[in-house]
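Worksheet: one structure, shown below.
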2 protein chains.
Amino acid sequence: MGATLQTVADQVGVSRSTVSNAYSRPDQLSPELRARILAVAERLGYPGPNPSARSLRRGKVDAIGVLLTANLSMAFRDPYAVAYLRGLAEAAEQRKTSLLLIPLPHNDQEGALDAVRNAAVDAFCVYCVPDWFKALEIINFRGLPVVGGEDPAITGQLSGEVGFVGIDERKAARRLAAHVAALGHRRVALIGHWITDTSVTGPVDVHPDELRYYVSGERVRGFRDALVAAGVDLADVVLINAAENDRLVGAEAAGHALDRQDRCTAILSTSDVLALGVLDALAVRGLRPGRDVSVTGFDDIPEAAAVGLTTIRQPSVERGRIAGELLLDPPADPQARHRVLPTTLVVRATTGPINQESSS
Amino acid sequence: MGATLQTVADQVGVSRSTVSNAYSRPDQLSPELRARILAVAERLGYPGPNPSARSLRRGKVDAIGVLLTANLSMAFRDPYAVAYLRGLAEAAEQRKTSLLLIPLPHNDQEGALDAVRNAAVDAFCVYCVPDWFKALEIINFRGLPVVGGEDPAITGQLSGEVGFVGIDERKAARRLAAHVAALGHRRVALIGHWITDTSVTGPVDVHPDELRYYVSGERVRGFRDALVAAGVDLADVVLINAAENDRLVGAEAAGHALDRQDRCTAILSTSDVLALGVLDALAVRGLRPGRDVSVTGFDDIPEAAAVGLTTIRQPSVERGRIAGELLLDPPADPQARHRVLPTTLVVRATTGPINQESSS
DNA sequence: ACCGCTCTCTGAATCGATACAGTACCCGTC
DNA sequence: GACGGGTACTGTATCGATTCAGAGAGCGGT
């Protein structure tokens with residue numbers, strides 16, 4: 001109970017340094033002595049160097065902090081986040097680095113920020129964290145390297161070592177909406193995750209330039225760009241806030257678009273998860289996706305292919321892997337620390353030409 | 001750069017202790033002084049108490065280590081593991097505790113064990129880690145609390161504070177195999193994850209009592225129990241090892257069972273993920289699941305319902321949540337630290353009565 | 001016999017914070 | 001005016017390791 005380096009050193013009759021070396025620098029002492037030390041350590045029940053003490057002295061903990069979504073357990077519901085995490089884990093695994101998943105409790109901004117302040121890590125990986133959550137500032141204040149996938153403008157202001165791996169959100173969204181507009185849709189609903197609020201799901205009346213959460217905001221702005229370019233009257237575009245990135249919430253949001261007299265003919269969501277909920281909502285009302293109402297998602301999670309969802313594909317596992325690599329082996333060239341990955345428009349069955357009959 | 005408690009203390013003109021209190025025990029000093037201290041700290045760029053130093057002194061890090069599958073990134077491929085992790089994250093989140101995902105690199109036993117030795121955590125949660133990986137021993141040696149879901153016999157030998165949350169693997173497997181036997185199947189193949197080897201997928205000739213990985217071993221033994229009870233000749237039972245818990249590997253393993261002249265009429269796998277691969281293998285060969293060959297899985301992941309897979313349902317999110325609760329709020333009563341959760345046989349379309357025509 | 005070199009091992013300084021006993025002072029009370 | 005009881009802050013010991021300059025020994029070469 002409570003054996004330390006010193007205890008072992010005293011027993012063996014060598015200095016503490018030597019015992020330390022036995023564990024951390026085997027080449028610094030003779031193999032025989034090392035064997036003797038380890039044997040005594042085992043006998044005394046010495047569990048090896050205390051990790052906290054070691055990292056205090058070394059100034060390094062071999063772990064990177066992961067900030068995933070506003071709320072950790074939520075992240076495990078989103079297949080895209082899981083895939084991202086997998087890529088991150090692959091990169092970390094190869095470099096013997098642990099991943100510290102930091103809890104971000106709901107309804108406790110201050111507590112969440114404390115968690116970021118107190119995390120024992122060498123760097124941070126931030127994914128899908130809303131702008132109003134001041135995590136980046138704290139990380140910056142701590143002077144730790146960080147890789148994010150959000151607003152490049154914000155990360156550009158940080159002083160520490162910063163990386164970026166993401167996509168051109170707005171451009172991809174534009175491509176998707178252009179496809180929908182080209183099919184003839186003119187009355188459209190846009191469902192955006194967290195664009196105004198994290199507590200209420202429903203229609204909102206905000207100018208797209210004032211949307212809050214960067215990722216969704218850019219996607220919605222991209223949608224609008226394309227719709228305007230196609231000559232759609234913005235008065236016919238309904239904007240709906242989704243309080244969570246969740247299938248049930250997606251269905252609820254879709255309800256607000258479907259249960260009104262001038263029903264829209266297309267619903268664009270800022271994520272596949274929400275779009276799956278939209279499809280549920282259609283099913284409940286006996287509407288056919290791609291015929292009565294066109295539906296699109298974003299991300300291209302595996303289930304999207306299964307249900308034939310038209311969406312934007314963005315790299316998932318690879319994105320996580322690159323994030324990990326940027327943190328663990330930062331390229332000298334700052335240019336190389338800013339990676340914009342390609343996206344693809346994937347057209348499937350949930351989008352189709354406007355149906356004269358039911359849109360009348 | 002490099003500001004510490006002392007730096008701040010000197011600037012403000014108070015003692016180091018007081019600055020420490022300003023952060024960790026606000027009730028120990030006047031609000032005015034605290035405000036002044038925090039202001040100076042901010043100005044000096046002091047990022048708050050160093051997490052390593054704090055945890056060294058406190059003897060606590062507010063993190064629990066997670067050992068997930070032999071290989072971390074693999075865990076994110078298994079929907080069951082992800083669900084488990086979600087439950088764990090929920091429990092951790094409520095108690096402001098972080099989750100340290102520990103990398104367990106392939107082909108590096110020693111490195112993996114070091115990772116367990118060096119992890120800065122207060123406790124461990126072990127899930128689906130094979131017996132031959134001596135992680136439990138190390139954790140025990142470190143004297144940290146642990147909750148596992150594997151072999152209760154092993155965990156029973158540990159001296160530290162130990163919890164268990166799992167299911168009666170063998171009983172559940174028995175129920176499943178009894179269902180298959182009752183449908184008339186007599187030539188059966190069993191696919192087991194890691195039952196002999198982690199490098200080769202294919203038929204093996206081992207007595208079930210000598211299988212390696214506890215979870216799969218128990219499941220296979222349960223299968224055999226029921227088959228024997230139903231009068232099946234064990235000579236007609238093929239045992240196939242799966243080198244990974246992976247869909248592709250499942251398909252490969254199934255190939256070994258299907259591409260032989262005395263083709264089996266039922267294939268039982270130790271996990272849903274493997275069973276999905278088995279279904280792929282059937283599809284490739286133009287065989288109908290539930291008609292030509294009956295197929296079963298284990299776990300009841302969401303996709304199982306989608307494809308109509310007969311399987312055993314076991315709690316996933318709940319299992320993770322309970323594991324977290326046992327670690328973070330250990331019940332005083334040792335009995336309550338051993339939780340065996342219920343399982344259900346879920347019969348769907350992939351099992352059916354033996355088909356006279358194609359089994360002849 | 002002496003130089004220089006490698007190989008092992010030692011000692012002191014250091015990493016940055018927290019716990020706890022203790023001091024100083026103020027205020028009200030009998 | 002002595003005393004009890006708070007409140008606000010300080011000082012010191014301590015958590016457990018790593019680092020690095022350097023000491024001493026052994027050894028081949030000249």
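Reminder, nothing fancy here: chain letters follow the sequence lines and each chain counts from 1.
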Which whole-number value in Å describes the distance from [X] [atom1] to [N] [atom2]?
X: B:Tyr23; N: C:dG16; atom1: OH; atom2: C1'; answer: 13 Å
X: A:Lys60; N: C:dG16; atom1: NZ; atom2: P; answer: 17 Å
X: B:Arg25; N: C:dA19; atom1: CZ; atom2: C1'; answer: 7 Å
X: B:Arg54; N: C:dT18; atom1: CZ; atom2: P; answer: 5 Å

Nucleotide by nucleotide, 5' to 3', does protein get under 4.0 Å of the base (B), only the sugar-phosphate (S), or neither (-) in nucleotides 6-13 of chain C, counting heavy atoms? ---BBBBB
Salt bridge check, [Y] against [X]: does any charged N sit closer than 4.0 Å to a carboxylate O?
X: A:Lys96; Y: B:Asp108; result: yes
X: A:Glu318; Y: A:Arg86; result: no
X: B:Glu32; Y: B:Arg36; result: no

Taking atom CZ of B:Arg319 as the centre, report whether more than 12 heavy atoms of other residues, nucleotides or ligands fall under 6.0 Å from it.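 More than 12 heavy atoms, drawn from other residues, nucleotides or ligands, come within 6.0 Å of this atom.
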For residues 38-58 of chain B, the salt bridge (charged side-chain N to carboxylate O under 4.0 Å, His left out) pairs (sequence neighbours left out) are none
Donor-acceptor pair, side chain of [X] and main chain of [Y], under 3.5 angstrom:
X: A:Asp329; Y: A:Glu325; value: no
X: A:Gln28; Y: A:Ala22; value: no
X: B:Glu150; Y: B:Asp131; value: no
X: B:Thr97; Y: B:Arg95; value: yes

Between A:Trp132 and A:Arg212, is there a cation-pi geometry (under 6.0 Å to ring centre, at most 45° from the normal)? yes
Please determine if a side-chain N or O atom of B:Tyr46 lies less than 4.0 Å away from the OP1 or OP2 oxygen of C:dA17.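 True: B:Tyr46 side-chain N/O within range (under 4.0 Å) of C:dA17 OP1/OP2.
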Distance check, rounded to the nearest 0.5 Å: A:Tyr214 atom OH versus A:Cys128 atom SG?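 A:Tyr214 OH to A:Cys128 SG: 12.0 Å, rounded to 0.5 Å.
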Looking for any heavy atom pair under 4.0 Å, which part of the strands does B:Ser52 touch: base, sugar-phosphate only, or nothing? nothing
Could you tell me whether B:Ser55 contacts a base, only the sugar-phosphate backbone, or nothing, with contacts defined as non-hydrogen atoms closer than 4.0 Å? nothing
Going 5' to 3' along DNA chain D, which nucleotides are the first and last within contact of chain B (any atom under 4.0 Å from a heavy atom)?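 Contacts span D:dC9 to D:dG16, reading 5' to 3'.
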Quick one: which protein N/O atoms are closer than 3.5 Å to N/O atoms of nucleotides 22-28 of chain C? Pair and distance per line, please.
none

Proximity of A:Tyr46 and A:Tyr23 rings by center, below 6.0 Å: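 Yes - the distance between ring centres of A:Tyr46 and A:Tyr23 falls below the 6.0 Å cut-off.
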Can you list, by residue number, the residues of residues 115-122 of chain B that have a non-hydrogen atom closer than 4.0 angstrom to DNA chain D? none
Apply side chain to side chain contact (heavy atoms under 4.5 Å, CB included) to B:Leu144 and list each qualifying residue two or more places apart in sequence or on a separate chain. B:Val121, B:Phe124, B:Ile139, B:Arg142
